[in-house]
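Heads up, the thing below is written out as structure tokens.
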Amino acid sequence: MYQQQKSRLTGIQKIAVLRANALGDFIFTLPALEALRSSYPEAEIVLLAKKWHQAFWHDRPGPVDRVVVVPPCAGVGEKETFQNDQEELERFFQAMRDEHFDLAIQLHGGGRYSNPFTHSLGARTTLGLKTPDAVALDRWVPYVYFQHEILRYLEVVSLVGATTTQLEPHVYVTPEDLQEAERVVPEQKKPLVILHPGAGDPRRRWAAERFAQVGDHLAALGMQVAVIGIGSEKATVESVLASMHTEALNLYEQLSLGGLAALFSRCRLVVSNDSGPVHLARAVGASTVGIYWCMNLVNSGPITSTGHRTCASFQMHCPVCGKDCMLEECEHQESFVNTVTLKEVLSAIHDLLEQ
């Protein structure tokens, strides 16, 4: 049954939090982590996550005291079909049991794979989410897909009395971050705007030529335009730059995550698909225009509108085969957000700039 206890636990000295996935996914947990830090100020908060979390959180002020890297595990940071190294996992779990966690919190998903993982940590009390097919933790809330991610994780930690008045994620920018950003993009008189035309899922990518048109429009307003991307986004970044009629900075893989956070903090505006960078930009105080598929907007859109605007596509059927994507899967990867018009995005941009 749904566990509704909301009392604060006693004797909590060490808390493990499982969240071993991507950038945007982690940003959504920050208010919940801040709530834990505020409600359990004496406890050590240990994030069980990936190598990039460890690198990014090293010496960075915030709610996390330490990051332990989770080994590759099916359904927990890896695809469900991944073949686990059972000996490596058992060594990891033994090391975690030796930590003697008082509380282990699963903020990783519905729990089919992550709840057994959390039980294996050996904590005195477990807490998290649960789909109908997942084993229960000591205290849990049902995983309902259509809920904003930030509120989802705040609801979880509220079950152990952790609350906060801070709903917006916040990432601290360090002096080292600022120095890196200055080396790559020196301060100048022109306002800086950043375009991010990539996304992990190709179906969430707005057309590169439209990003180019946005870039030209902003350049005509007297702004310095930069285009960012990593990994498989290289061709997309190059396509935007090649389609522009004005010069823009190519920042493909030019900055670390911390350096990018610092550059975002200097921006007048960030225009991006629904992806990790746009969530990081918001977390360091940048104004953003985000391009979303309507269903993702429910879960991951901005929760305030003062500095942010969204443009949503309501394309529900695959543009290639016509299948209803809410009812069945198809193999096509064509964009679902190209129904968002250039006019809509430019209108959102001007709305923010005039504000």
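What's counted below: heavy atoms across the whole structure, side chains too, no hydrogens, waters or symmetry copies.
- Annotation: the span from Tyr153 atom OH to Leu129 atom CG amounts to 6.5 Å, rounded to 0.5 Å.
- From Leu192, atom CG reaches atom CD of Gln224 across 6.5 Å, with rounding to the nearest 0.5 Å.
- Looking at Gln106, its side chain does come within 3.5 Å of a backbone N or O of His108 through a donor-acceptor pair.
- With values rounded to the nearest 0.5 angstrom, Asp274 atom CG is found 14.0 Å from Met295 atom CE.
- Val70 is not connected to Trp57 by any chain of hydrophobic side-chain contacts under 4.5 Å among Ile, Leu, Val, Met, Phe, Trp and Tyr, and they are in different clusters.
- Crowding of Gln188 atom CD: a count of heavy atoms from other residues, nucleotides or ligands under 6.0 Å exceeding 12.
- By the 4.0 Å N-to-carboxylate-O rule, Arg203 lies too far from Glu334 to be salt-bridged with it.
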Intermediate values then yes/no, ring pair (Phe, Tyr, Trp, His ring centres under 6.0 Å), His217 and His350:
CA-CA 11 Å; His217 184 85; His350 280 278; 4.9 Å; yes
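- Considering OH of Tyr292 and OG of Ser300, their distance stands at 5.0 Å, rounded to 0.5 Å.
- By the 30° and 60° cut-offs, the orientation of the rings of Phe117 relative to Phe92 is tilted.
- Hydrophobic clustering places Val17 together with Tyr143 (ILVMFWY residues linked when any side-chain heavy atoms are closer than 4.5 Å, directly or through intermediates).
- His308 places no side-chain N or O within donor-acceptor distance of the main-chain N or O of Ser305, the cut-off being under 3.5 Å.
- Between Arg37 and Glu44 there is no salt bridge, since no side-chain N of the basic residue sits under 4.0 Å from a carboxylate O of the acidic one.
- Side chain of Arg19 to backbone of Asp25: a donor-acceptor contact under 3.5 angstrom is found.
- In the hydrophobic clustering of ILVMFWY residues, with side-chain heavy atoms under 4.5 Å counting as a link, Val240 and Ile194 come out together.
- A donor-acceptor contact closer than 3.5 angstrom is absent between the side chains of Gln254 and Arg183.
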Decide side chain to side chain contact (heavy atoms under 4.5 Å, CB included) for Trp206 and Asn338; before the verdict, give the C-alpha distance in whole Å, the side-chain angles of both, and the deciding distance to 0.1 Å.
CA-CA 5 Å; Trp206 200 45; Asn338 277 338; 3.6 Å; yes
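- Going from atom CG of Leu107 over to atom OG of Ser114 covers 9.5 Å, rounded to the nearest 0.5 Å.
- Counting heavy-atom neighbours within 6.0 Å of Gln355 CD, excluding the residue itself, gives a total above 12.
- Under 4.0 Å is where a charged nitrogen must lie from a carboxylate oxygen, and between Lys14 and Asp102 no such pair does.
- Using a 4.0 Å cut-off between charged side-chain N and carboxylate O, Asp138 and Arg124 make no salt bridge.
- In this structure, CG on Leu18 lies 7.0 Å from CG on Leu121, to the nearest 0.5 angstrom.
- Put simply, Met223 and Leu241 are part of the same group of oily side chains (I, L, V, M, F, W, Y) that touch within less than 4.5 Å, one to the next.
- In this structure, Arg60 satisfies the cation-pi test against Phe56, with its NZ or CZ atom closer than 6.0 Å to the six-membered ring centre and inside 45 degrees of the ring normal.
- Shown are Ile230, Leu251, Ile228, Val227; of these, the side-chain contact (heavy atoms from CB on, under 4.5 Å) with His196 is made only by Ile228.
- Distance alone, capped at 3.5 Å, places no donor-acceptor pair between the Asn273 side chain and the Ile291 backbone.
- By the 4.0 Å N-to-carboxylate-O rule, Arg152 lies close enough to Glu149 to be salt-bridged with it.
- There is no side-chain donor-acceptor pair under 3.5 Å between Thr164 and Ser38.
- Other residues, nucleotides and ligands place more than 12 heavy atoms under 6.0 Å from the CD atom of Gln333.
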